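First the structure, in the form of structure tokens, and then the observations on it.
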Amino acid sequence: METLGYLIDGFGVALQPHNLMFALMGAFLGTLIGALPGLGPANGVAILIPLAFTLGLRPETALIMLTAVYAGAMYGGRISSILLNIPGDEPAMMTCLDGYPMAQKGKAAEALAISAIASFMGSLIATVGLILLAPLLAKFALTFGAAEYFALFVLAFATLGGITGKNPVKTILAAAIGLMIATVGIDSTGTQRFTFGILELYEGIDFIIAIVGLFAISELLFFIEDRAGGGKGPMVVNKLKLSWKEVREIMPSSIRGGILGFIAGVLPGAGASLGSFIGYTLEKKVVGKKGYFGEGDPRGVAGPEAGNNGASSGALVPMLTLGVPGSGTTAVLLALLISMNITPGPLMFTQNADIVWGVIAALLIGNFLLLLLNIPLVGIFVKLLSVPPKYLLPIVTMVAFVGIYSISNSAFDLYFMVAFGVFGYFLRKLEIPMVPIILGLLLGPEMEKNLRHTLDIADGDWTALWDSGLAIGLWIVAFVGLVLPYIVGPILRRRMQAAAGHGNQTD
């Protein structure tokens, strides 16, 4: 009953006219961002963070808008997958297998509608799971001490690559770079570290500047390099002819995919890619020979779409309750909270209950808004796919520069943002991921603080870091999370590539 009362209060926050307006705007922009191949939700949220500061939004309004962008981008990733056979991001890859064959058969509108309904179901199931699980996990997290939190941060870094990560070594290297950047500035003892006499570095590096540079500016550089030409015209979408019988047939697939996706989202390092893959794989096993997967089976669209959208909502659970992001996009959202002087974690459910439950209620409302947007307005999103990047680039650049300048009114921050963008561009060329760098930058100060506190209490005795049963359990999970990608990762990636290859052969 207590949870229900908090949720009702959350609806009171989410249904305020200005919050509802920004949720709708975020859902629309997110769908558009997701539809553009290569951007993905993490880049989309990073690009729009400066907009929240430019508009002077309150924390709950900013988080509602950017969470809606996150959910919308997960919806939008299916559009280019189905129409162009180009995944909007990695989780949308599995949607290509049956979505594109459906489009080739003249059922593009049906495929888009099925994916929207499945995305809705997956997100709805995961949001209900978030409502039920998050308060319990937050209460459990209140038992954590400094040593347990340090072990938790180690766990977060150990599972960063996830079992779908391409190169765990590069992931660890990226996390180390992030932790190194986090040491810049004056530490808790008053010692200057890596400031080089530059006054602007005394307070450390603003992670919002780093995020916008590493994500948004580096993405712009890739746009300039790879997509300077005109956009590719999308496939023509037919008139929607989806019957209630077809909707009922995909419901079991959507429910199964949503449940599996939520579990994948909550697990550290798993994420939407795994949710999409297991959603598709399970459907093939359940349906068996009765299905025609790879040739345009609607259940092959519903399963992975429900899986990746369920995982995106599930990833909010560890971020809100433990302060540890469950995905790349939630790492960016974590940066937004910290920049607004809000500390994610168990105390957030008591100290900032209006924000937490307002966001959860907004997720429920946003799912309905996205369903209403995505089915009737899909033609608009499809047409936007053909907009040449030369028109999109100036808009994105303007939002990034104006937003960053509005935070501090410092030209130095703009130069720094561009420097991070160039740095990120070269790192991405070397296939070094961005998210671990951001996570190192975000969690580094708290990780160091908990390490210092633990060792101070224990008079420098390092065994205090694993002195409790809970800490030992977290260290064991961290070790397993570090080793597992080397064992399971290559097998899972081969299966995903084999599935994608089979789908291309049936085109």
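None of the values given here were measured: they were computed from a predicted structure. Residues take their numbers from the sequence shown, with the count starting at 1.
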Without swapping roles, check the side chain of [X] against the backbone of [Y] for a donor-acceptor pair under 3.5 Å.
{"X": "Asn309", "Y": "Glu305", "value": "yes"}
{"X": "Ser254", "Y": "Ile250", "value": "yes"}
{"X": "Tyr70", "Y": "Ser312", "value": "yes"}
{"X": "Lys107", "Y": "Gly296", "value": "no"}
{"X": "Asn308", "Y": "Ser276", "value": "no"}
{"X": "Thr67", "Y": "Ile64", "value": "no"}
{"X": "Ser313", "Y": "Gly310", "value": "no"}
{"X": "Asp98", "Y": "Pro298", "value": "no"}

Is there a side-chain contact (heavy atoms from CB on, under 4.5 Å) between Phe140 and Leu136 once you walk through the steps? CA-CA 6 Å; Phe140 171 68; Leu136 298 175; over 6 Å; no
Does [X] reach the side chain of [Y], with side-chain heavy atoms less than 4.5 Å apart?
{"X": "Leu155", "Y": "Phe479", "answer": "no"}
{"X": "Thr321", "Y": "Phe349", "answer": "yes"}
{"X": "Val332", "Y": "Leu336", "answer": "no"}
{"X": "Trp357", "Y": "Ile131", "answer": "yes"}
{"X": "Ile82", "Y": "Met102", "answer": "no"}
{"X": "Phe262", "Y": "Leu133", "answer": "yes"}
{"X": "Arg299", "Y": "Glu249", "answer": "no"}
{"X": "Pro41", "Y": "Ile33", "answer": "no"}

Can you tell whether the side chains of Glu283 and Arg256 come within less than 4.0 Å, N to carboxylate O?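 Looking at Glu283 and Arg256, the cut-off is met.
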Rounded to the nearest 0.5 Å, how far apart are [atom1] of [X] and [atom2] of [Y]?
{"X": "Asn352", "Y": "Leu63", "atom1": "CG", "atom2": "CG", "answer": "10.5 Å"}
{"X": "Ile255", "Y": "Leu260", "atom1": "CD1", "atom2": "CG", "answer": "12.0 Å"}
{"X": "Leu334", "Y": "Leu316", "atom1": "CG", "atom2": "CG", "answer": "11.0 Å"}
{"X": "Met348", "Y": "Ile355", "atom1": "CE", "atom2": "CD1", "answer": "5.5 Å"}
{"X": "Asp297", "Y": "Tyr280", "atom1": "CG", "atom2": "OH", "answer": "8.0 Å"}
{"X": "Lys245", "Y": "Arg248", "atom1": "NZ", "atom2": "CZ", "answer": "8.0 Å"}

Report yes if the distance between the aromatic ring centroids of Phe120 and Phe368 is under 6.0 Å, otherwise no.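 Distance test on ring centres: under 6.0 Å, yes.
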Atom NZ of residue position Lys105 - does it have more than 12 heavy atoms of other residues, nucleotides or ligands inside 6.0 Å?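 Yes, enclosed.
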Check the pair Met65, Asn19 against side-chain contact (heavy atoms from CB on, under 4.5 Å), reporting the backbone distance first and the verdict last. CA-CA 8 Å; Met65 182 187 77; Asn19 286 338; over 6 Å; no
